[in-house]
Amino acid sequence: MKNFFSNLGYFLKEAKTIFRIDFLSNIFSIFSIGLIFFILSMVISGWWLSKEVVEVLQKEAEINIYFEEGLDNIRVNNLLENIKSIKGVREANLVDKEESYKRMEEILEKEARILELFDENPFQPFIEVKIDISEVDGILEDLEPLENIDYIRDNKDIIDKLEKIITILTIVGILVITATGISTLVVISHIIRQGIYNNRDQINTLKLLGAPDSFIGFPFLLEGLFLTVVGGILAFGLIFFTFRLGYKQIGTSLLFIPLPSMEGLVKAMAIFILILSGALGIIGSFFGLSSAKGN
Amino acid sequence: MIEARDVSLVYGDGTEALKDVNLKIDKGDIVYITGHSGSGKTSLLKLFMGIEYPTKGQLKVLDLDIKKEEENNIRKMRRLIGPVFQEFKLIRGRTALENVMLGLRFLNLPHRKIKEESIIALEKVGLGHKRDSLVEHLSFGETQRVAIARAVVRKPAIILADEPTGNLDLDNALNIMELLTSFRDEDTAVIITTHATHLLEDIDEGKFIRVNQGQVTVESRGEA
């Protein structure tokens with residue numbers, strides 16, 4: 001360990017020299033690694049954003065329960081309490097006739113004038129039930145025996161589609177992330193291996209002088225770490241600009257999509273890329289070194 | 001220091017490089033290995049360095065059996081040898097001093113000591129003033145001296161020089177021989193291979209190993 005610290009300056013200088021000798025090739029490597037990280041980060045961000053959006057939509061999943069006309073307040077409240085006690089129901093609220101009318105006015109906006117054609121409020125009061133999407137079947141079963149229910153608008157088709165999207169997104173996300181992660185590792189270890197190959201004469205000389213493998217390999221490990229970390233920083237820069245542009249576009253044209261905050265996403269991605277680039281740099285270098293040693 | 005008993009070396013392609021070699025090199029010996037190109041001189045040095053393993057017989061270098069199973073120990077054993085390679089094997093892009101320092105880097109010495117010893121070694125070979133020059137900017141003879149400085153800086157038990165006089169005129173060749181033998185002391189053996197036998201005619205002390213078609217004969221002159 002003492003030997004390691006006394007040679008730290010040498011290792012850094014060697015890593016710098018190795019980088020300088022294959023300067024152009026290393027610059028291209030940084031760009032390649034940066035682009036790979038950028039693609040990987042975009043895939044992960046896209047997957048994460050979709051999950052966030054789906055989660056928000058999941059929280060909004062609801063069914064509407066219409067009760068028999070002329071039901072007195074006591075029975076309506078009893079029905080409401082019964083619904084609240086069902087497993088999977090997160091919230092249940094009574095929406096009276098006036099509230100129904102007001103909501104429709106908000107939905108119709110300028111077209112709301114059409115409502116003025118009615119002499120009386122045409123809407124029915126109903127119970128709005130926010131649910132846990134995975135419990136929808138059980139909730140519908142539990143609602144069946146309850147009295148005084150006239151009609152249930154369960155939005156089952158939409159909810160089922162939403163569940164399918166979540167499953168597909170999860171599977172595709174894991175597959176793409178795994179594939180991109182493995183490609184990143186393979187490319188990085190190949191780049192490191194190439195660097196070792198370019199310096200094979202130096203490595204052979206060191207072996208003949210009796211240098212241990214750790215001494216020979218450490219500058220290459222440092223170089224690998226440097227390439228991946230700089231590549232990671234480059235990828236982060238690209239991601240930052242892409243997010244800024246993307247959020248601006250979505251923010252102005254697709255207002256209804258509930259996106260998580262950009263700052264949070266950028267921060268998470270910065271930490272993710274930094275850790276990933278460091279880890280892949282070390283792992284890739286070890287792979288490169290051990291495969292070069294085998295040859 | 002080095003003891004070979006019935007050592008043979010046959011390469012993978014069937015070439016028989018060395019046949020039943022028996023020799024002994026002791027501390028403080030000065031050894032000249034001669035023979036024509038392709039006679040087996042370099043093969044003998046490769047065995048001493050543990051780059052090749054005997055295919056028959058037993059070879060001990062610094063009390064270590066040279067065989068595949070000892071690969072890790074052979075790497076450590078090389079730290080006690082100061083090699084001067086035929087093609088020098090200096091590292092381009094580094095200065096003369098950096099190349100010499102490389103010989104000491106992994107020997108658990110403090111950085112200051114490594115630098116001091118390397119400067120002294122460069123001064124001994126007459127290149128103190130060129131220590132900050134990149135090796136690719138040095139002349140052939142200077143490059144060779146840097147290689148010698150890298151070999152001797154670690155105060156090795158054995159200095160192994162493979163054809164150090166090749167491509168040199170007579171005066172320079174004699175100077176290099178003189179320089180190399182000057183590092184011999186009671187603890188350090190110096191082994192030099194050369195195909196230029198005329199350089200050895202006036203030498204009256206040392207062991208002379210003649211390699212001919214893989215077979216070795218040993219002759220001693222003077223105190224050796």
Side-chain angles (χ1 to χ4, degrees), chain A residues 1-27 29 192 194-224 226-227 286 289-295, chain B residues 45-46 48-52 61-62 64 71-95 97-115 118 134-136 146-147 150-154 156-158 160 162:
Chain A
M1 193 52 88
K2 189 183 145 199
N3 199 20
F4 171 82
F5 284 114
S6 70
N7 277 324
L8 198 59
Y10 161 78
F11 290 139
L12 288 169
K13 206 173 170 190
E14 270 304 291
K16 200 176 133 192
T17 310
I18 295 166
F19 183 85
R20 206 186 56 218
I21 288 172
D22 298 319
F23 185 73
L24 212 60
S25 150
N26 282 319
I27 291 292
S29 298
I192 304 294
Q194 190 62 42
I196 291 166
Y197 181 79
N198 292 341
N199 291 282
R200 60 194 180 284
D201 288 341
Q202 177 183 340
I203 291 170
N204 280 335
T205 304
L206 284 166
K207 280 183 181 174
L208 290 173
L209 291 173
D213 286 337
S214 54
F215 180 87
I216 297 170
F218 200 74
F220 291 98
L221 195 124
L222 279 181
E223 191 207 7
F226 178 74
L227 292 180
F286 271 119
L289 282 169
S290 55
S291 67
K293 195 182 164 193
N295 292 327
Chain B
L45 284 201
K46 279 183 178 173
F48 293 168
M49 287 279 294
I51 299 167
E52 297 288 347
V61 179
L62 297 168
L64 184 73
E71 207 172 5
N72 287 333
N73 288 328
I74 286 172
R75 185 83 72 91
K76 286 179 193 160
M77 179 270 290
R78 284 183 192 153
R79 293 172 204 168
L80 300 171
I81 295 176
V84 182
F85 303 103
Q86 201 170 346
E87 63 281 27
F88 311 138
K89 291 191 188 295
L90 294 179
I91 296 167
R92 290 171 64 83
R94 280 72 165 180
T95 63
L97 182 62
E98 282 169 340
N99 266 281
V100 177
M101 286 171 76
L102 203 57
L104 295 175
R105 287 275 183 208
F106 35 90
L107 301 184
N108 283 322
L109 295 170
H111 179 79
R112 204 168 58 186
K113 176 95 173 152
I114 292 173
K115 196 169 179 179
S118 302
L134 291 174
V135 286
E136 54 267 38
V146 176
R150 186 182 63 186
V152 301
V153 71
R154 52 213 321 205
I158 304 167
L160 278 178
D162 190 10

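A, B, ... follow the sequence lines: proteins, then strands. Residue 1 opens every chain.
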Inspect the contact between B:Arg75 and A:Asp213 and indicate whether a charged nitrogen and a carboxylate oxygen are less than 4.0 angstrom apart.
-> yes
Name the option with the most non-hydrogen atom pairs under 4.5 Å to chain A; the candidates are B:Ile114, B:Ile91, B:Ile81.
-> B:Ile91
Between NZ of A:Lys13 and CZ of B:Arg94, what distance do you get to the nearest 0.5 Å?
-> 9.5 Å
Below 4.5 Å from any heavy atom of chain B, which atoms of A:Ile216 appear? Answer side chain, backbone, both or neither.
-> side chain
Does CZ in B:Arg92 sit with more than 12 non-hydrogen atoms of other residues, nucleotides or ligands closer than 6.0 Å?
-> no
Please report the closest heavy-atom contact between A:Pro212 and B:Arg79, naming both atoms and the distance.
-> CD-NH2, 3.5 Å
Say whether, by atom type as modelled, one donor and one acceptor occur between the side chain of B:Arg154 and the main chain of A:Leu209 under 3.5 angstrom.
-> yes
Check each atom of B:Ile51 against the heavy atoms of chain A and say whether the ones under 4.5 Å are side chain, backbone, both or neither.
-> side chain
Got a second to check how far A:Phe215's CZ is from B:Leu107's CG, nearest 0.5 Å?
-> 9.0 Å
Contact summary for B:Arg150 and A:Thr205, nearest pair of heavy atoms | NH1-CG2, 3.7 Å
